[in-house]
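Just so you know, these numbers come straight off a predicted model, no measurement behind them.
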Amino acid sequence: MCDRCHQGLSHVLAPSRRGLVLGGSALLLGGLARAKETKKPPKPQNVVSPEDALERLEEGNERYVEGVTRRHDFKHEREALASGQNPYAAILSCADSRIAPEYAFDSGRGDLFVCRVAGNFANDESVASLEYAVSVLATPLIMVLGHDACGAVDATIKSLKDNTTLPGHLPSLVAGIAPAVKAVSGQAGDSLANAIKQNVIDNVAKLKSTTPILSAAVEQGKLRVVGGIYRLRTGKIDMVA
Ligand SMILES: [Zn+2]
């Protein structure tokens, strides 16, 4: 039914393939299974277990921290990636310009499926994107990636404390981050650091338990969801979930 899944989201969502979407995850996953039988992944080295994917992220971050990042051959990998993608990890990161997951994990194109939103919380659109990565691209690992001194979390703390409404569409960020801020209010220590950590932990838990696709993949051992915090001064990512 779906022998060209590696071609991308537009293919999956095309009207002629609507059965994939309307039929739910079973059909989607069934289509993926057949796609795997007939099509070789463009990056065979990315077909790894969740544990190996995490190890690869950690090794990439170590190289980045040490300043010994690899030279990436962007020119010659373009052709292989023109036919599809099979990233070994998905990252739900803050939009902060200082984070840059591809740099932080010293990764090439086609390696990371990155969703970014200020405050790195899972909304409907990012959950849907991650469902696509897991069910269609067979990505075995999701990392929620927060960072030190997150402006979105800080703005949420101030908005709730002062009982003010931020301008424009910013209240939608506040609504997404507020549960973590409220959960740690009254805790000892740095309120911003506490909320940043809690926000990562909460969103890891949310992604793990989101039905039907992500929760099923976790139960089947096909997916791990972890959380890290990027340290601005060193570039090191500390695991917190
Ligand atoms: Zn941030």
Side-chain angles (χ1 to χ4, degrees), residues 54 57-58 60-61 64-65 87 89-107 112-134 139 141-210 214 224-241:
L54 181 57
L57 283 183
E58 290 173 338
N61 182 239
Y64 169 76
V65 168
I91 313 291
L92 175 57
S93 164
C94 185
D96 191 300
S97 63
R98 298 167 293 181
I99 311 308
E102 287 86 351
Y103 288 146
F105 295 110
D106 188 26
S107 58
L112 300 183
F113 186 96
V114 181
C115 301
R116 301 188 68 167
V117 63
N120 49 268
F121 61 92
N123 56 20
D124 283 352
E125 289 77 11
S126 55
V127 167
S129 301
L130 294 167
E131 287 178 337
Y132 171 74
V134 170
T139 301
L141 180 72
I142 297 173
M143 179 183 286
V144 178
L145 183 60
H147 67 96
D148 290 337
C150 181
V153 176
D154 193 38
T156 300
I157 292 172
K158 291 191 171 105
S159 176
L160 292 176
K161 189 177 168 194
D162 303 339
N163 199 23
T164 52
T165 302
L166 296 177
H169 292 73
L170 287 166
S172 68
L173 294 182
V174 172
I177 300 166
V181 171
K182 289 175 183 170
V184 297
S185 70
Q187 271 189 11
D190 184 324
S191 59
L192 177 56
N194 290 344
I196 288 167
K197 183 177 176 184
Q198 190 65 43
N199 187 44
V200 171
I201 290 169
D202 286 355
N203 281 286
V204 168
K206 178 178 177 176
L207 292 175
K208 276 183 184 172
S209 61
T210 297
L214 299 183
R224 261 185 84 179
V225 186
V226 298
I229 294 179
Y230 179 96
R231 303 302 180 193
L232 287 177
R233 289 190 183 280
T234 63
K236 186 171 188 312
I237 287 155
D238 290 330
M239 301 304 295
V240 296

Rounded to the nearest 0.5 Å, the SG atom of Cys94 sits from the CG atom of Leu145 at a distance of 9.0 Å
Would you say Thr139's side chain and Ala89's backbone share a donor-acceptor pair under 3.5 angstrom?
no
Quiz item: Just wondering, do Pro87 and Leu112 contact through their side chains at under 4.5 Å, heavy atoms?
Solution: no
One should read off an interatomic distance between Asp96 CG and Cys150 SG, to the nearest 0.5 angstrom, of 6.5 Å
TODO: Kindly indicate whether the side chain of Met143, heavy atoms from C-beta on, has any atom under 4.5 Å from the side chain of Leu57.
DONE: yes
Tested for side chain to side chain contact (heavy atoms under 4.5 Å, CB included) against Val181, the lone hit among Asp154, Leu192, Thr156 is Thr156
* Tell me, do Asn61 and Asp106 make a side-chain contact under 4.5 Å, heavy atoms counted? -> no
Looking at Arg231, is its backbone amide N or carbonyl O close enough to the side chain of Asp238 to form a donor-acceptor pair, meaning the two atoms are under 3.5 Å apart? no
Looking only at heavy atoms, the pair that brings Ile196 and Ala149 closest together is CD1-N, 3.7 Å
Atom pairs and distances, donor-acceptor, side-chain atoms in residues 160-179, under 3.5 Å, two or more places apart:
{"from": "Ser172", "atom 1": "OG", "to": "His169", "atom 2": "O", "distance (Å)": "2.8"}

Quiz item: Does the side chain of Ile237 reach to within under 4.5 Å of the side chain of Ile229, using non-hydrogen atoms?
Solution: no
Between Pro101 and Ser107, the two heavy atoms sitting closest are O-OG, 4.4 Å
Apply side-chain hydrogen bond (donor to acceptor under 3.5 Å, both in side chains) to residues Asn194 and Ser191 and explain how you reach the verdict. CA-CA 5 Å; Asn194 290 344; Ser191 59; over 6 Å; no
Checklist line | Contact check, side chains of Tyr64 and Tyr103, non-hydrogen atoms, under 4.5 Å | finding: yes
From the list Ile99, Asn120, Val117, side chain to side chain contact (heavy atoms under 4.5 Å, CB included) with Ser93 holds only for Ile99
Please output the side-chain donor-acceptor pairs of residues 200-208 that fall under 3.5 Å, not counting sequence neighbours, one pair per line with the distance.
{"from": "Asp202", "atom 1": "OD1", "to": "Gln198", "atom 2": "NE2", "distance (Å)": "2.8"}
{"from": "Asn203", "atom 1": "OD1", "to": "Ala122", "atom 2": "N", "distance (Å)": "2.9"}
{"from": "Asn203", "atom 1": "ND2", "to": "Asn199", "atom 2": "O", "distance (Å)": "2.8"}
{"from": "Asn203", "atom 1": "ND2", "to": "Asn199", "atom 2": "OD1", "distance (Å)": "3.1"}
{"from": "Lys206", "atom 1": "NZ", "to": "Ala122", "atom 2": "O", "distance (Å)": "2.7"}

CG of Asp124 to OG of Ser129, rounded to nearest 0.5 Å, is 10.5 Å
Quick one: are Phe113 and Ile142 in side-chain contact, heavy atoms under 4.5 Å? no
